[in-house]
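Heads up, the thing below is written out as structure tokens.
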Amino acid sequence: MRITPNLIASLTGGTVEGDGEIELTGFGKIEEAGKGCITFIANPKYSHFIHTTEASAVLVNADFDAGAEVRPTLIRVRDAYAALAELLTAFESMKPQPRGVEEPVHVGEGTELPEDCYIGAFAYIGRGVKLGSGVRIYPQCYIGDGCEIGEGTVLRAGVRVYEGCRIGSRCIVHSGAVIGADGFGFAPKGEIYEKIPQIGNVVIEDDVEIGANTCIDRATFGHTRVGRGTKLDNLIQVAHNVELGQNNVFAAQTGIAGSTRIGHSNRVGGQCGFAGHISVGDHNEFGAQSGIPNSVGDGKRLIGYPAVEARQFAKTQVYLKRLESLFAKK
């Protein structure tokens, strides 16, 4: 297929300024892209590159103002970043996907493999596992007894899913993730700690993405749950009996302690820490390295430890910078 700005505009609902029939052969960062590449500008701080980029076409927002005539073809869309995501998804779907069962693979009793699945070499699939159509399980994955994995879900190499856990449809789980390890439950008994058996499971709903080396612990009893559309970055810890709502995004190295409930559509920066047994509402934003020791309502913008409103945090930082001069006046 010949890819041109006119074709991309038709896919993204955009309009073309410049040569709409130039052939495009790849993607690139605006500061590095060469001839034949398409790139994008979504953040205004990169706007100056429009006058120096060697890219042949640039996705920009509809109201983008270049300030002067530019060499590359512009494809104006409502939201350049969203259009890029849509475009990359379309091109990714065109790549050939692996199918079939490689050898060696262990498949336990009572497990049936869909005809259109892919199972990579050295995968272990336990007894009574239910796999949806189009599932792709890459090499060296472990799927414990009684697990369920929905249609179109992808488990990258080396994923571990403990027994009895459920993963929905169209999920992506990246390498090294562990789903369903025991929750951190120990009862003090004198000077020792006695293990509390963790007999629950983990439920991952549809359209969830889980980053590399993220761990989601099974519940003591009941479920640890990750809601539909939620995205977890790499190296995140979700403890036992946590409930995450729908369409949340969590950046890397965030930790969520046991039995905490987080609502819908929250945005969480990297290295945030949530205390156990608290509730967080909907549509909140947490700055990187925030510590959240108490419950939070809806629509807050918090940062710091303990996390406070972003405006209050900014004021506090100004006061802290003035402390030395204030003490010097005494």
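- Counting only distance, with no hydrogens or angles, the side chain of Thr89 and the backbone of Ala85 share a donor-acceptor pair below 3.5 Å.
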Please evaluate residues Thr224 and Asn201 with respect to the criterion side-chain contact (heavy atoms from CB on, under 4.5 Å), reporting the C-alpha separation (whole Å), side-chain torsions for both, the decisive distance (0.1 Å), and the verdict. CA-CA 6 Å; Thr224 300; Asn201 71 346; over 6 Å; no

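- Contact detail for Ala257 and Ala239: the closest heavy-atom pair is C-CB, 3.7 Å.
- Using a 4.5 Å heavy-atom cutoff, the side chains of Ile38 and Leu87 are in contact.
- Between the side chain of Thr73 and the backbone N or O of Ala57 there is no donor-acceptor pair closer than 3.5 Å.
- When all heavy atoms of Asn248 and His264 are compared, the closest pair comes out as OD1-C, 3.5 Å.
- Note that CD1 of Ile119 and CG of Leu131 are 6.0 Å apart. Values are rounded to the nearest 0.5 Å.
- For the pair Arg76 and Glu17, the salt-bridge criterion is met [side-chain N within less than 4.0 Å of a carboxylate O].
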Quick one, Ile143 with Leu155, criterion side-chain contact (heavy atoms from CB on, under 4.5 Å). Give me CA distance, side-chain angles, the key distance, then yes/no. CA-CA 10 Å; Ile143 314 296; Leu155 273 57; 3.3 Å; yes

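- A donor-acceptor pair is defined here as one N or O able to donate and one able to accept, closer than 3.5 Å; such a pair exists between the side chain of Arg160 and the backbone of Gly158.
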The test is side-chain contact (heavy atoms from CB on, under 4.5 Å); show your working for Cys141 and Phe122 and say whether it passes. CA-CA 7 Å; Cys141 285; Phe122 298 100; over 6 Å; no

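- Of the possible donor and acceptor atoms, none in the side chain of Asn213 sits under 3.5 Å from a partner among the backbone N and O of Ala177.
- Counted within 6.0 Å of CD on Glu32, heavy atoms from surrounding residues, nucleotides or ligands total more than 12; the atom is thus considered enclosed.
- No side-chain donor-acceptor contact under 3.5 Å links Arg2 to the backbone of Leu24.
- At most 12 non-hydrogen atoms from other residues, nucleotides or ligands lie less than 6.0 angstrom from OH of Tyr193.
- Hydrophobic clustering (ILVMFWY, side-chain heavy atoms < 4.5 Å, transitive): Phe40 and Ile22 are in one cluster.
- Two residues are said to be in side-chain contact when any heavy atoms from C-beta on lie closer than 4.5 Å; His51 and Glu69 fail this criterion.
- Side-chain atoms of Asn241 come within 3.5 Å of backbone N or O of Thr220 as a donor-acceptor pair.
- Using a 4.5 Å cut-off on side-chain heavy atoms (C-beta onward), Val161 and Ile167 make contact.
- Val203 and Ile149 are not part of a single hydrophobic cluster, where members link through side-chain heavy atoms under 4.5 Å apart.
- Under a hydrophobic-cluster definition in which Ile, Leu, Val, Met, Phe, Trp and Tyr are linked whenever side-chain heavy atoms come within less than 4.5 Å, directly or via other members, Val178 and Ile210 are assigned to different clusters.
- The side-chain heavy atoms of Ser265 and Gln246, taken from C-beta on, include no pair separated by under 4.5 Å.
- Counting all heavy atoms, side chain and backbone alike, Thr214 lies closest to Asp233 at OG1-O, 2.7 Å.
- For Gln317, the CD atom sits in a packed shell: over 12 heavy atoms of surrounding residues, nucleotides or ligands are nearer than 6.0 Å.
- Within the model, atoms CG of Leu59 and CZ of Phe27 stand 8.5 Å from one another, a figure rounded to the nearest 0.5 Å.
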Stepwise, does the side-chain hydrogen bond (donor to acceptor under 3.5 Å, both in side chains) test hold for His174 with Glu209? CA-CA 8 Å; His174 289 281; Glu209 183 156 351; 2.7 Å; yes

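- Residues Arg225 and Glu205 are paired through a salt bridge, judged by an N-O separation under 4.0 Å between the basic side chain and the carboxylate.
- Remark: the backbone N or O of Gly281 is paired with a side-chain donor or acceptor of Asn266 at under 3.5 angstrom.
- Inter-residue side-chain proximity for Gln289 and Gln271 is flagged as met; some heavy-atom pair is nearer than 4.5 Å.
- Rounded to the nearest 0.5 angstrom, Arg99 CZ and Asp116 CG are separated by 5.5 Å.
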Yes or no on ring-ring contact (aromatic ring centres under 6.0 Å, His included) for Phe274 and Phe286, after CA distance, side-chain angles and deciding distance? CA-CA 11 Å; Phe274 292 83; Phe286 298 92; 5.3 Å; yes

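- Clustering of Ile, Leu, Val, Met, Phe, Trp and Tyr side chains at separations under 4.5 Å places Val154 together with Tyr118, Tyr138.
- Val105 and Val129 fall within the same hydrophobic cluster, where Ile, Leu, Val, Met, Phe, Trp and Tyr residues are linked whenever their side-chain heavy atoms come under 4.5 Å apart, directly or through other members.
- Ile41 is listed as a side-chain neighbour of Ile30, based on a closest heavy-atom distance under 4.5 Å.
- Taking the six-membered ring where the residue is Trp, His106 and Tyr124 present parallel rings, their angle staying beneath 30° rather than reaching 60°.
- Ion pairing between Asp206 and Arg228 fails under the 4.0 Å rule for side-chain N and carboxylate O.
- In this structure, OG1 in Thr153 is found 10.0 Å from CD1 in Ile204, a value given to the nearest 0.5 Å.
- No donor-acceptor pair closer than 3.5 Å links the side chain of Asn61 to the backbone N or O of Asp63.
- How far OG of Ser279 is from CG of Asn294: 11.5 Å, rounded to the nearest 0.5 Å.
- At most 12 heavy atoms of other shown residues, nucleotides or ligands fall within 6.0 angstrom of atom OH in Tyr46.
- With respect to Glu285 and Arg301, a salt bridge is recorded, a charged nitrogen being found less than 4.0 Å from a carboxylate O.
- Looking only at atom types and distance, the side chain of Asp217 has no donor-acceptor partner in the side chain of Gln198 under 3.5 Å away.
- Counting non-hydrogen atoms of neighbouring residues, nucleotides and ligands closer than 6.0 angstrom, the CZ atom of Phe49 exceeds 12 such neighbours.
- Between the Ser93 side chain and the Ala90 main chain, a donor and an acceptor come within less than 3.5 Å of each other.
- Within a 6.0 Å radius of CZ in Arg267, other residues, nucleotides and ligands contribute 12 heavy atoms or fewer.
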Apply side-chain contact (heavy atoms from CB on, under 4.5 Å) to Ile3 and Phe91, showing your working. CA-CA 10 Å; Ile3 308 300; Phe91 277 88; 3.8 Å; yes

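- Between Tyr142 and Tyr162, the shortest heavy-atom contact is CE2-CA, 4.4 Å.
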Salt bridge (charged side-chain N to carboxylate O under 4.0 Å, His left out) between Glu309 and Arg311, intermediate numbers included: CA-CA 6 Å; Glu309 289 282 355; Arg311 185 181 296 272; over 6 Å; no

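- Note: the hydrophobic cluster containing Val135 does not contain Ile172 (ILVMFWY, side chain heavy atoms under 4.5 Å, direct or indirect links).
- The shortest heavy-atom contact between Ala219 and His240 is CA-CB, 4.0 Å.
- Between Leu232 and Val249 there is no side-chain heavy-atom pair separated by less than 4.5 Å.
- Side-chain N or O atoms of Lys231 include none that pairs as donor or acceptor with a backbone N or O of Ala251 at under 3.5 Å.
- Residue-environment remark: CZ (Arg78) stays at or below the threshold of 12 foreign heavy atoms within 6.0 Å.
- Listed here is the closest heavy atom pair of Ala307 and Ile292: CB-CG1, 4.2 Å.
- Atom CD of Glu103 is surrounded by more than 12 heavy atoms from other residues, nucleotides or ligands within 6.0 Å.
- Interatomic distance, Tyr305 OH to Cys272 SG, rounded to the nearest 0.5 Å: 13.0 Å.
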